[in-house]
Amino acid sequence: MRRRIKEIVVEAVEVLYGQKIDTDIVQVQRTRKVFTGDLTIVVFPFVKIARKKPEDVANDLGLYLKNKLDHISSYNVIKGFLNLTFNSEYWLERLNLLHRDFTGSLTLQNPEKVMVEFSSPNTNKPLHLGHIRNNLIGDSVSRILKAAGHEVVRVNLVNDRGIHICKSMQAYLDFDPNGSPEKAGMKGDKYVGDLYVKFDLQYKGQIADLVESGMSEEDAKQKASIMQAAKNMLQKWEAGDPEVHALWEKMNNWVYAGFDKTYAQLGISFDQVYHESETYKSGREIVLDGLKRDVFYKRDDGSIWADLTDDKLDEKIVLRADGTSLYMTQDIGTAVARFENYQLDRHIYVVGNEQIYHFQVLRLILSKLGYAWADKIQHMSYGMVELPEGKMKSREGKVVDADDLIEEMINNSAEMSRELGKLGDMLESEQQNVHRMIGLGALKYFILKVDPKKQMVFNPKESIDFNGHTGPFIQYTHARIRSVVRKAKKMNISVPPMISEDTIMNEKELDLIKTIDQFELVLQEAAQLLDPGMIANYAYELAKDFNHYYHDYSILKAQDGKILQFRLFLADQVSRNLKYAMALLGIDVPEKM
RNA sequence: GGUCUAGUAGCUCAGUUGGAUUAGAGCAACGGCCUUCUAAGCCGUAGGUCCCAGGUUCGAGCCCUGGCUGGAUCACCA
């Protein structure tokens, strides 16, 4: 409809004022609530062309549009704003159409193939709140892009090698050589994470002792025996030592088993999981080739560098003197492999904003190497989650653990549910399922409603709310509607397949239809801007509008059968939209709560 | 020091191609509404120099310039 209006405005300006304008300068927006109308055209841009007063231009256009479009019932002009009002037949037609055809997804003429990389944990510590934000954003963005019509490949790149895992391995040998998660009664990732903390404690103790005996701190950090042992282990790993590899595999598998539980709890999955141990050598050939083509240069010590000073990105090492790869080398290699293997149109990396520089460099290097798709790499950076006292530090145990937080949310939701006591007639397992849905819904919504690029502060002492602008509020609205639909069924009234277009509506019903109609637009925008927050806010608006309506009008006690059917139909569509919107955030909605 | 990013009510946040007297929600505070479709709801009261100063224009919370404050980054770690 908007596009149609824009076209007609362009036409009108040409006919009335004799000048051809670009569609893009026509501004069509939803009319503000304080004014009457549905869509508003801003006429200021045409005032100079018409050489008339804004009011006159608006009136000219209004008349022209009204004659061209059947659906416009009236228009009014305030200053330079032309407000168009559509007749109720138009809105009822839209509602019927959406109810019949809309399934929560759109189709695109030119869908892109998009890879989304997210999660990407280290295997030496359990997932914490920061990872939850990453996972939820990555998951939601993937869902949104898919719903917007794109083809999405979700991937996870696990950092399973390096000095950090060797530290946990060394601590294992030193402190609990015959231990296992089973014996300790822990999740595997927790068990390995604890070893990492033990390593750090021991390491700090050794440094302190060495400094005590007169060594400089710098030296002490190098000479501490446990650190030397860990470095030694890394060398053995790189050399392919079978014993070290066996231990490495055993411990990583413990961690994966733990991660899998957390992912399952969060409802997150991947199409493909990569491991750095398999990819960390890649990119070397590409860099060497780039060196031949003078994209890079070699220093006297044999290391290879990219000179990015022209782009204010300094100089960056891309290959060590001994020929081994770095983080950057590996990312160059994997990007090339992925674009070539998957024929990607776009690659989104969901990674914290601390790595903005890294991705700028990556993109620039790829473009210097001549890859046409370099600008199709998109770093979706998000802000860190901080505690009131500052950054989370897993080494010092100052973290909000992912599993603990999820469990607490579910417990809180269960407690609240029991107090309200509305699920008495459900099986225990069904009740638990609802508690889970709501606890997770509260957590996910809490995180996703915030603009991803902003850093957020989480105070563990103040638990996440279940009232107000929250996930459960929306879930509750959905459950309420489903309850009404169930009651109707008992009265032998089912939701009609469509409603007649001459139904008389009140203002709130009209508003609801308009909000329902917004969904596609919001979805498109959210997909374009990669912002789950827009979806979250949309769902909230819709739920709030419905709750007002629900409060003011009774559905099942409507004056006559025709109105009852219409209201049921409308409510049903609201519940569907809420369900679709929440699904884009990875949140399930219950039938009862 | 360079680069990037944020600053809106006591707290957490909306406010996107710059739009229309009165800048919106929620939480917290105070006061109302359950013999009526689910009160995890609804209504009301109170709460603001949109960090500051200039500029751009018909119009700025939004754009530009300069400052202030917080965060990130500028590693042969990933």
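Order of the sequence lines sets the chain letters (A, B, ...), proteins ahead of strands, with each chain counted from 1.
Of the candidates B:A20, B:C13, B:C37, B:A20 carries the atom nearest the A:Phe81 side chain, counting heavy atoms from C-beta on. Distances were taken from every side-chain heavy atom of A:Lys544 (C-beta onward) to each of B:C27, B:A78, B:A25; the shortest belongs to B:A25. Closest contact between the side chain of A:Tyr550 and the listed nucleotides B:A39, B:G26, B:A78 involves B:A39. With B:A40, B:C76, B:G19 as the choices, the nucleotide that has an atom nearest any side-chain atom of A:Ser303 turns out to be B:C76. Counting only heavy atoms from C-beta on, A:Lys454 has its side chain closest to B:A14 among B:C37, B:A14, B:G26. Side-chain proximity of A:Gln29 to the nucleotides B:G19, B:A25, B:U73 is greatest for B:G19. Of the candidates B:C13, B:A25, B:A39, B:A25 carries the atom nearest the A:Tyr540 side chain, counting heavy atoms from C-beta on. When each of B:C42, B:G19, B:G41 is scored by its nearest atom to the side-chain atoms of A:Val42, the top-ranked nucleotide is B:G19. Nearest to the side chain of A:Pro472, among B:A78, B:A40, B:U16, sits B:A40. Taking the side chain of A:Tyr357 as heavy atoms from C-beta on, and the options B:U73, B:U38, B:U16, the nearest nucleotide is B:U73.
Atom C1' of nucleotide B:A14 and atom CZ of A:Phe473 are separated by 15 Å, given to the nearest angstrom. Between A:Asp451 atom CG and B:A6 atom P there is a gap of 8 Å when expressed in whole angstrom units. As a whole-Å value, the separation of A:Glu354 CD from B:G71 P is 15 Å. For A:Lys6 and B:U17, the NZ to P distance is 11 Å, given to the nearest whole Å. Across the protein-nucleic acid pair, A:Tyr445 atom OH and B:U12 atom P stand 18 Å apart, rounded to whole Å. What separates CZ of A:Phe446 from C1' of B:A40 is a distance of 17 Å, to the nearest Å. Regarding A:Leu326, its CG atom lies at a distance of 8 Å from the P atom of B:C76, rounded to whole Å. Distance, A:Leu82 CG to B:G19 C1': 14 Å, rounded to whole Å.
Contact annotation: A:His551 side-chain N/O to B:C33 OP1/OP2 distance is not under 4.0 Å. For A:Lys449 and B:G26, the shortest distance from a side-chain N or O to OP1 or OP2 is not below 4.0 Å. Contact annotation: A:Asn547 side-chain N/O to B:G41 OP1/OP2 distance is not under 4.0 Å. At B:C77, one or more side-chain N or O atoms of A:Arg320 fall inside 4.0 Å of OP1 or OP2 (strictly under the cut-off). Within the structure, every side-chain polar atom (N or O) of A:Asn537 is placed at least 4.0 Å from both OP1 and OP2 of B:A25. Contact annotation: A:Lys487 reaches the phosphate of B:U38 (side-chain N/O to OP1 or OP2, under 4.0 Å). Residue A:Arg299 has no polar side-chain atom (N or O) positioned under 4.0 Å from OP1 or OP2 of B:C76.
Rounded to whole Å, the separation between the C1' atoms of B:A28 and B:U36 comes to 31 Å. As rounded to the nearest Å, B:C63 and B:G10 have P atoms that lie 24 Å from one another. A distance of about 28 Å separates the P atoms of B:U49 and B:U5, rounded to the whole Å. B:U3 and B:A75 have their P atoms separated by 16 Å, given to the nearest Å. B:U8 sits 7 Å from B:G61 when the C1' atoms are compared, rounded to a whole Å. One C1' atom belongs to B:A72, the other to B:G54, and the distance between them is 29 Å to the nearest Å.
Both thresholds, 5.5 Å between centres and 30° between ring planes, are not jointly met by A:Phe44 relative to the base of B:G59, so the two rings are not stacked. By the stacking rule of 5.5 Å between ring centres and under 30° between planes, A:Tyr476 does not stack on the base of B:G41.
A donor N or O paired with an acceptor N or O is found under 3.5 Å between the base of B:U38 and the side-chain atoms of A:Lys422. Side-chain N/O atoms of A:Thr477 and base N/O atoms of B:A40 include no donor-acceptor pair closer than 3.5 Å. Looking at A:Asp322, its side chain has no donor and acceptor atom pair within 3.5 Å of the base of B:C76.
For the pair A:Arg567 and A:Tyr549, the cation-pi test (distance below 6.0 Å, angle within 45°) is failed. A cation-pi arrangement, defined by a distance under 6.0 Å to the six-membered ring centre and an angle within 45 degrees of its axis, is present between A:Arg161 and A:Tyr280.
Ring centers of A:His551 and A:His548: at least 6.0 Å apart, outside the cut-off. Taking the six-membered ring for Trp and the full ring otherwise, A:Tyr540 and A:His469 have centroids separated by under 6.0 Å. Residues A:His164 and A:Tyr196 keep their aromatic ring centres 6.0 Å or farther apart.
Residue contacts shown for A:Ser120 are absent, as no nucleic acid heavy atom lies under 4.0 Å away. Among the protein residues, A:Ser417 comes within range of the nucleic acid bases, having at least one heavy atom under 4.0 Å from a base atom. Within the nucleic acid shown, A:Lys592 comes within 4.0 Å of at least one base atom, counting heavy atoms only. Using a 4.0 Å heavy-atom distance criterion, A:Val351 is classed as making no nucleic acid contact. Residue A:Tyr553 is in base contact, counting any heavy-atom pair closer than 4.0 Å across all strands shown.
A:Arg30 and A:Thr40 are not linked by any side-chain donor-acceptor pair at a separation below 3.5 angstrom, with hydrogens and angles left out of the test. No side-chain N or O of A:Asn547 forms a donor-acceptor pair with one of A:Tyr476 less than 3.5 Å apart.
Counting only heavy atoms from C-beta outward, the side chains of A:His478 and A:Phe473 never approach each other to under 4.5 Å.
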